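Keep in mind that what you see is a predicted model, and the values were worked out from it rather than measured.
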Amino acid sequence: MADSSAVDALIEALRRLPGVGVKSASRMAFHLLQHDRDAMQRIARALQEAAAEVRHCERCNTFTEAPVCSVCLDARRDATKLCVVETPADQAALERTGAFRGYYFVLMGKLSPLDGIGPKDIGISKLFERALDGAVSEVILATNFTAEGEATAHVIGEALRQRGLTVTRLARGVPAGSELEYVDLGTIAHALVDRR
């Protein structure tokens with residue numbers, strides 16, 4: 001490593017990013033220091049500005065600079081549909097499709113009892129307030145298809161069904177353009193069960 005506590009601190013800070021280990025963090029730090037100090041300054045300013053300005057939307061919990069995000073302020077959206085996602089990145093992915101014109105609720109996580117993350121840690125009570133505001137008739141559960149995402153969808157779905165709402169789940173199956181012999185068996189099995 002370098003003979004500098006500032007360099008070591010930079011490497012440690014970069015290691016906090018998901019998927020970045022010591023080697024990648026070191027490579028990034030040394031690149032910035034050696035070749036692109038201007039980029040370092042831009043990154044530092046952007047990080048400081050985002051930390052100071054970005055907050056959670058009061059209605060859907062996503063990231064925004066205003067008290068209420070632009071999606072929640074869009075009166076052209078279908079107020080009867082509420083799509084529940086785990087993260088703002090998941091919401092952005094759905095928005096890029098242009099296929100959903102309802103509103104969202106971002107959990108900011110998923111249930112994970114082994115990690116000590118329960119319903120209070122991901123804001124399920126705020127979701128229930130939003131879903132039961134009288135306008136929503138269908139809640140679409142768009143959590144990830146991991147064990148934790150499935151458990152989260154199950155807990156939320158059961159609770160909302162008991163309160164009289166229609167609850168649906170994203171479909172899953174064989175990806176478009178794929179060949180069956182290369183698709184994993186679990187995906188094929190789910191595609192058969194969820195066939196239409």
Side-chain angles (χ1 to χ4, degrees), residues 14-25 27-28 31 39 43 46 50 54 56-57 59-64 69-115 117 122-124 127 130-131 136-161 165-196:
L14 290 169
R15 282 188 61 206
R16 308 266 328 237
L17 295 170
V20 177
V22 176
K23 285 184 180 182
S24 295
R27 197 166 35 255
M28 286 186 261
H31 170 80
I43 291 168
V54 176
H56 293 285
C57 173
R59 293 200 66 212
C60 75
N61 212 29
T62 196
F63 292 135
T64 182
C69 73
S70 60
V71 172
C72 288
L73 290 174
D74 186 351
R76 296 170 298 174
R77 290 188 168 261
D78 183 352
T80 66
K81 308 250 184 297
L82 183 66
C83 184
V84 178
V85 296
E86 291 178 20
T87 68
D90 296 335
Q91 177 190 1
L94 285 170
E95 272 298 283
R96 282 192 303 272
T97 70
F100 181 68
R101 296 300 303 157
Y103 291 105
Y104 295 93
F105 187 86
V106 181
L107 294 169
M108 289 296 181
K110 57 191 172 270
L111 296 176
S112 181
L114 295 176
D115 296 322
I117 300 172
I122 61 171
I124 287 181
L127 164 62
R130 176 80 187 274
V136 176
S137 62
E138 178 186 5
V139 175
I140 302 159
L141 299 174
T143 57
N144 293 313
F145 290 103
T146 61
E148 294 90 351
E150 292 283 3
T152 303
H154 177 75
V155 168
I156 292 170
E158 289 301 310
L160 291 175
R161 281 185 194 95
L165 284 174
T166 299
V167 179
T168 58
R169 182 84 167 106
L170 283 186
R172 56 184 159 192
V174 178
S178 63
E179 297 180 31
L180 285 179
E181 68 179 296
Y182 300 113
V183 176
D184 69 277
L185 298 178
T187 300
I188 293 172
H190 284 296
L192 281 169
V193 170
D194 296 337
R195 70 188 181 278
R196 56 183 171 102

* ring-ring contact (aromatic ring centres under 6.0 Å, His included) against His31, all qualifying residues, sequence neighbours excluded -> His35
* Measure the CD-CD distance between Glu86 and Glu148 for me, rounded to the nearest 0.5 Å. => 8.5 Å
* Structure fact -> On a heavy-atom basis, the closest approach of Pro88 and Met108 is CG-CE, 3.4 Å
* To do: Taking all non-hydrogen atoms of both residues into account, name the closest pair between Val85 and Ala142 and its distance.
  => CG1-CB, 3.9 Å
* **Interatomic distance, His154 atom NE2 to Leu141 atom CG [nearest 0.5 angstrom]** => 11.5 Å
* To do: May I ask you to check whether over 12 heavy atoms, not counting those of Leu185, lie within 6.0 Å of atom CG?
  => no
* To do: Taking all heavy atoms of Val54 and all of Phe63, pick out the closest pair and write down the distance.
  => CG1-CB, 3.7 Å
* Asked: Okay, side chain of Arg15, backbone of Ser24: is any donor-acceptor separation there less than 3.5 Å?
  -> no
* Asked: Which is it for Cys60 and Val71 under the side-chain contact (heavy atoms from CB on, under 4.5 Å) test, yes or no, and what are the steps along the way?
  -> CA-CA 9 Å; Cys60 75; Val71 172; over 6 Å; no
* To do: Mind checking the NZ-OG1 spacing from Lys81 to Thr166? Nearest 0.5 Å is all I need.
  => 9.0 Å
* Structure fact -> Those residues at least two apart in sequence (or on a different chain) that pass side-chain hydrogen bond (donor to acceptor under 3.5 Å, both in side chains) with Thr146 are none
* Asked: More than 12 non-hydrogen atoms from neighbouring residues, nucleotides or ligands closer than 6.0 Å to CZ on Arg101, yes or no?
  -> yes
* To do: List in chain and number order the residues that pass ring-ring contact (aromatic ring centres under 6.0 Å, His included) with Tyr103, two or more places apart in sequence or in another chain; answer none if no residue qualifies.
  => none
* Distance, nearest 0.5 Å, that separates NZ of Lys110 from CG of Asp90 -> 9.0 Å
* Asked: Which heavy atom in Leu94 sits nearest to a heavy atom in Cys83, and how many Å separate them?
  -> CD1-SG, 3.7 Å
* To do: Working to the nearest 0.5 Å, report the span between CG of Leu17 and CE of Met28.
  => 6.5 Å
* Under the side-chain hydrogen bond (donor to acceptor under 3.5 Å, both in side chains) rule, collect the residues that match up with Thr168, sequence neighbours excluded. => Glu138
* Asked: Between SG of Cys57 and CG of Leu73, what distance do you get to the nearest 0.5 Å?
  -> 7.5 Å
* side-chain hydrogen bond (donor to acceptor under 3.5 Å, both in side chains) partners for Thr152, two or more places apart -> none
* Structure fact -> In terms of heavy-atom contacts, Val136 and Ala131 come closest through CB-O, 3.4 Å
* **Worked verdict on Leu107 versus Thr143 for side-chain contact (heavy atoms from CB on, under 4.5 Å)** => CA-CA 9 Å; Leu107 294 169; Thr143 57; 4.2 Å; yes
* Donor-acceptor under 3.5 Å (Asp115 side chain, Ile117 main chain) -> no
* Asked: Just by modelled atom types, is the Cys69 backbone N or O under 3.5 Å from a matching donor or acceptor in the Arg59 side chain?
  -> no
* Asked: Within the side chain of Asn61, is there an N or O that forms a donor-acceptor pair under 3.5 Å with the backbone of Val106?
  -> yes
* Structure fact -> Sorted by chain and number, sequence neighbours left out, ring-ring contact (aromatic ring centres under 6.0 Å, His included) with Phe100 holds for Tyr104
* Ile156 versus Val167: any side-chain heavy-atom pair under 4.5 Å? -> no
